[in-house]
Amino acid sequence: MAEFVSELKRTHTCGALRGGDVGATVVLMGWVDATRDLGQFRFVTLRDRFGVTQLRFDAHRDADLYADSGRARSEWVLAIQGEVVSRGENANRELATGEVEVLVTRLQVLNRSEVPKFPIRDEVDANEDLRLEYRFLDLRRRPIQSKIVLRAEITHIVRDFLHGEGFLDLETPVLTKSTPEGARDYLVPSRVHPGEFYALPQSPQLFKQLYMISGYDRYFQICRCFRDEDLRADRQPEFTQIDIEMSFIDRDDIYAVCDKLVARIMREVHGVELQLPLPRMSYDEAMARFGVDAPDLRYGLELSDVSDLVAGSSFSVFSDAVAAGGQVKAIVVPGGADLSRKQLDELTEVAKRYGAKGLAWAKGSAEGWTGPVAKFFDADAQRTINERLGAGADDAIVWVADRTPVVAAALGNVRKHLARSRGLIPAGVYKFTWVVDFPLLEFDADQNRWFAMHHPFTSPRNEDIPLLDTDPGAVKARAYDLVLNGHELGGGSIRIHDQDLQSKMFELLGIGAEEAELKFGFLLNALRHGAPPHGGLAFGLDRIVMLLSGAESLRDVIAFPKTASASCLMTRAPSPVDAGQLAELGIRTLKNE
RNA sequence: GGGGUGGUAGUUAAGUCGGUUAUAACGCCGGCCUGUCACGUCGGAGGCCGCGGGUUCGAGUCCCGUCCACCCCGCCA
């Protein structure tokens, strides 16, 4: 069709034309968004990533052209030349280009398209697996596109800001060494060394420390990381970190840089001015008040300890828990006297899912508490507890009694569930907080050993170093997370820069001197060659984009994501490879035997 | 590894207690239509009911297994 226009050059994007362009002759290129044929003329809306422009084909002006245009189908790729004309009173206010349309004089079909499996519309009800298989079509849809574009804008802000602050954008290897601890590694077989493997990095942690030791103060990288663990809506096997490391600094220096970075992103993306410095709270406080280490501060529903008030209670669930060294904590549900049995059952289910044996509850009333727990508490006891909690006659109280970590997990998640189900989460609010002073170690009862809570290179607080020998569980780390609306955006620590302390850490973690030398010899060696004090952190770029774009899944902010079973429905990866490839790598598989 | 939800025209869904020819909307194909913008309107085509077994005179429907997707627990320093 119409080879005479093949030399056409695009003059405008599909989002560019305005009333001021009336009279201009323009060339547009794009995808057929929709066609509307009215018999003697036809409207075609043409789309590219900049917008949509309405084209008009008029049978009275050019019958052949009109007939040609009738062959165009959804998602065909067209080039058109025409005159910009005003739409007058037919203007479409919904559309940026809606004041004008292009009266087409030349048409070239640049490409045809199969009928798309689902319509390229903002609202689409196609299943997600179909959309993932046809990801290249889904990415044409405006809501997805705007998230991918936002992602590009944020990475640009990050690079621009950090460059301005004197950071160097430095690369680290992707084929690297498998290390113990942490997540499962993705392994890459070596052809040259049969039977040996590289690992894809879970993070560039050790390399950025080595950069510091090499004197490359102020490093950053936007880099891909890989963890072979089971997935969630907010967890992908490969994800992107904004990785930062600095020398000759302490925690405050990290907070300061990150505060400014986050403030800049919020200002440029959402026009929100953050009050700096961002608030900080200790890990212990977060766990006590919210039950989780990444508290959502957009709503109240805080946890209160009533162990002392119920220790002597005749309600054995409470008194036994306290006697066993556990605790009893409560959440007041404002206006919760209207909670239905079904809603309370739901809350109980949540508490059980996180290890609690149940959820005790009472509803307020003018005559005192109602509900199964009420009979164990006389009017005085009820009043004392109500006063401690600030609970009134319209409210409900829910309790969990158990070991401290179970109480925290159960009530922390009951709190989240309550906030969602009772609509207590305000829209458009961004509550940041640093959570600091994480425990250095946590004890794994199953394996009867200590694990690093952050990673084995995290420095304890100086004042806690003596505790390493006497009470390792009490040692706090110089580690910190930045939390937004209940999601961990990033975390980091001041690192150990002393080889003796590092060796001691390995010892505590049950990594023998020989094993440490084998797995981390290069780091220990480097620490012996003039390591400066250093530290840093890593942000999860995907999560930042997810939270700032209002996406509910990480899949929406990653252009080509993987499913919950870590496969790519578009490429069908992972896939078998032929026997020759495996033989070359010295690999024989167990499956299908 | 465990639990939950789902899989029926191209797409999204309905399908009752197991019963005759499996419905609808959108999309697609064709006709008509001079101001549409999710155009309208008339007509048409379109089915391995995820897959494999079983029960039954008879299975989209019941049972067992399996695959895929989503959500959650464990896991993710």
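Order of the sequence lines sets the chain letters (A, B, ...), proteins ahead of strands, with each chain counted from 1.
The separation between A:Glu128 atom CD and B:C71 atom P is 7 Å, rounded to whole Å. As a whole-Å value, the separation of A:Glu133 CD from B:G7 P is 19 Å. Atom CZ in A:Arg42 sits roughly 16 Å away from atom P in B:C37 (whole-Å rounding). Rounded to whole angstrom, the span from the NZ atom of A:Lys117 across to the C1' atom of B:U12 amounts to 14 Å. Atom NZ of A:Lys562 is separated from atom P of B:A69 by 13 Å (rounded to the nearest Å).
For A:Phe506 and A:Phe520, the gap between ring centers is short of 6.0 Å. Between A:Tyr219 and A:Tyr211, the ring center distance clears the sub-6.0 Å criterion.
The side chain of A:Tyr354 sits closest to B:C72 out of B:C28, B:C72, B:U36. When distances run from any side-chain atom of A:Asn92 to the nucleotides B:G35, B:G10, B:C37, the shortest one goes to B:C37. Among the nucleotides B:C28, B:C70, B:G10, the one closest to any side-chain atom of A:Leu132 is B:C70. Of the candidates B:U11, B:C76, B:C70, the closest approach to any side-chain atom of A:Ala564 belongs to B:C70. The side chain of A:Ala183 lies closest to B:C76 when the candidates are B:C76, B:U36, B:U11. Between B:A69, B:U11, B:U36, one nucleotide has an atom nearer to the side chain of A:Leu569 than all others, and that is B:A69.
As judged by a 4.0 angstrom heavy-atom cut-off over every strand, A:Phe451 is placed among residues making no nucleic acid contact. Within the 4.0 angstrom heavy-atom criterion, only backbone atoms of the sugar-phosphate kind lie near A:Thr563; the bases stay farther away. Heavy atoms of A:Leu231 sit nowhere under 4.0 angstrom from any nucleic acid atom. Nucleic acid contact for A:Arg61: none, since no nucleic acid atom lies under 4.0 Å from a heavy atom of the residue. Nucleic acid contact for A:Pro119: none, since no nucleic acid atom lies under 4.0 Å from a heavy atom of the residue. Across all strands shown, A:Phe118 has no heavy atoms under 4.0 Å from either base or sugar-phosphate atoms. Among the heavy atoms of the strands lying under 4.0 Å from A:Gln54 is at least one base atom, whether or not backbone atoms are also near. Contacts of A:Arg73 with the nucleic acid, taken as non-hydrogen atoms under 4.0 Å apart, involve only primed sugar atoms and P, OP1 or OP2. If you check every strand for non-hydrogen atoms under 4.0 Å, A:Asn127 touches sugar and phosphate atoms only.
One N or O donor and one acceptor, one from the side chain of A:Arg87 and one from the base of B:U36, sit under 3.5 Å apart. No N or O donor and acceptor, one from the side chain of A:Arg353 and one from the base of B:C73, sit under 3.5 Å apart. No hydrogens or angles were tested; on distance alone, nothing pairs the side chain of A:Asp129 with the base of B:C70 as donor and acceptor under 3.5 Å. A donor and an acceptor atom sit less than 3.5 Å apart, one in the side chain of A:Asp230 and one in the base of B:G74. Remark: the A:Glu101 side chain and the B:G35 base include a donor-acceptor N/O pair separated by less than 3.5 Å.
Here A:Ser565 reaches the OP1 or OP2 of B:A69: one of its side-chain N or O atoms lies under 4.0 Å away. The side chain of A:Arg227 places no N or O atom within less than 4.0 Å of a non-bridging phosphate oxygen (OP1 or OP2) of B:C75. OP1 or OP2 of B:U36 has not a single side-chain nitrogen or oxygen of A:Arg36 nearer than 4.0 Å. Within the structure, every side-chain polar atom (N or O) of A:Arg235 is placed at least 4.0 Å from both OP1 and OP2 of B:C72. Using a 4.0 Å cut-off, some side-chain N or O of A:Arg232 falls inside it from OP1 or OP2 of B:C73.
When the C1' atom is used for both B:U21 and B:G1, the distance is 47 Å, rounded to whole Å. Taking atom C1' on both nucleotides, B:U55 is separated from B:A59 by 10 Å, rounded to a whole Å. On the P atoms, B:C28 is 15 Å away from B:A38, given to the nearest whole Å. For the P atom pair drawn from B:G18 and B:C57, the interatomic distance equals 16 Å after rounding to whole Å. Nucleotides B:A45 and B:A24 place their P atoms 12 Å apart, quoted to the nearest Å. Between B:U61 and B:G27, the two C1' atoms lie 28 Å apart (nearest whole Å). For the P atoms, the distance linking B:C68 with B:C51 amounts to 15 Å, nearest Å. For the C1' atoms, the distance linking B:G47 with B:G15 amounts to 14 Å, nearest Å.
Pairing partner, B:U5: B:A69, with both Watson-Crick or wobble hydrogen-bond distances short of 3.5 Å. Under the Watson-Crick and G-U wobble criteria, each requiring two contacts below 3.5 Å, nucleotide B:U36 is left unpaired. Across the strands present, B:U41 finds its partner in B:G31; the criterion is a Watson-Crick or G-U wobble pair with both atom distances under 3.5 angstrom. Remark: B:U55 base-pairs with no nucleotide in the shown strands. Criterion, Watson-Crick or G-U wobble with two distances under 3.5 Å. For B:U61, there is no paired base (Watson-Crick or G-U wobble, both distances below 3.5 Å). The partner of B:C49 cannot be assigned: no Watson-Crick or G-U wobble pair with both contacts below 3.5 Å exists in any strand. Nucleotide B:A24 forms a pair with B:U12, judged by Watson-Crick or G-U wobble geometry with both contacts under 3.5 Å.
The one candidate from A:Gln205, A:Gln221, A:Lys208 that meets the side-chain hydrogen bond (donor to acceptor under 3.5 Å, both in side chains) condition with A:Thr172 is A:Gln221.
Of the charged side-chain nitrogens involved, none lies within less than 4.0 Å of a carboxylate oxygen, so that A:Asp296 and A:Lys416 do not count as a salt-bridged pair.
A donor atom on one side chain and an acceptor atom on the other are not found under 3.5 Å apart for A:Gln54 and A:Asn92.
Position along RNA chain B of the nearest nucleotide to A:Ser553 versus A:His455 favours A:Ser553 as the more 5'-ward residue. Where A:Thr35 and A:Ser74 meet RNA chain B, the nucleotide closest to each residue was compared, and A:Ser74 sits on the side nearer the 5' end.
Taking both residues in full, the closest heavy atoms of A:Asp293 and A:Val435 are given as O-CG2, 3.5 Å, listed atom of the first, atom of the second, then distance. Closest of all the heavy-atom pairs between A:Arg555 and A:Pro561 is O-CG, 3.6 Å.
In this structure, A:Arg131 forms no cation-pi arrangement with A:Phe118, as its terminal cationic atom is not both closer than 6.0 Å to the ring centre and no more than 45° off the ring axis.
Enclosure of atom CD in A:Glu99 is not indicated, since only 12 or fewer non-hydrogen atoms of other residues, nucleotides or ligands lie within 6.0 angstrom.
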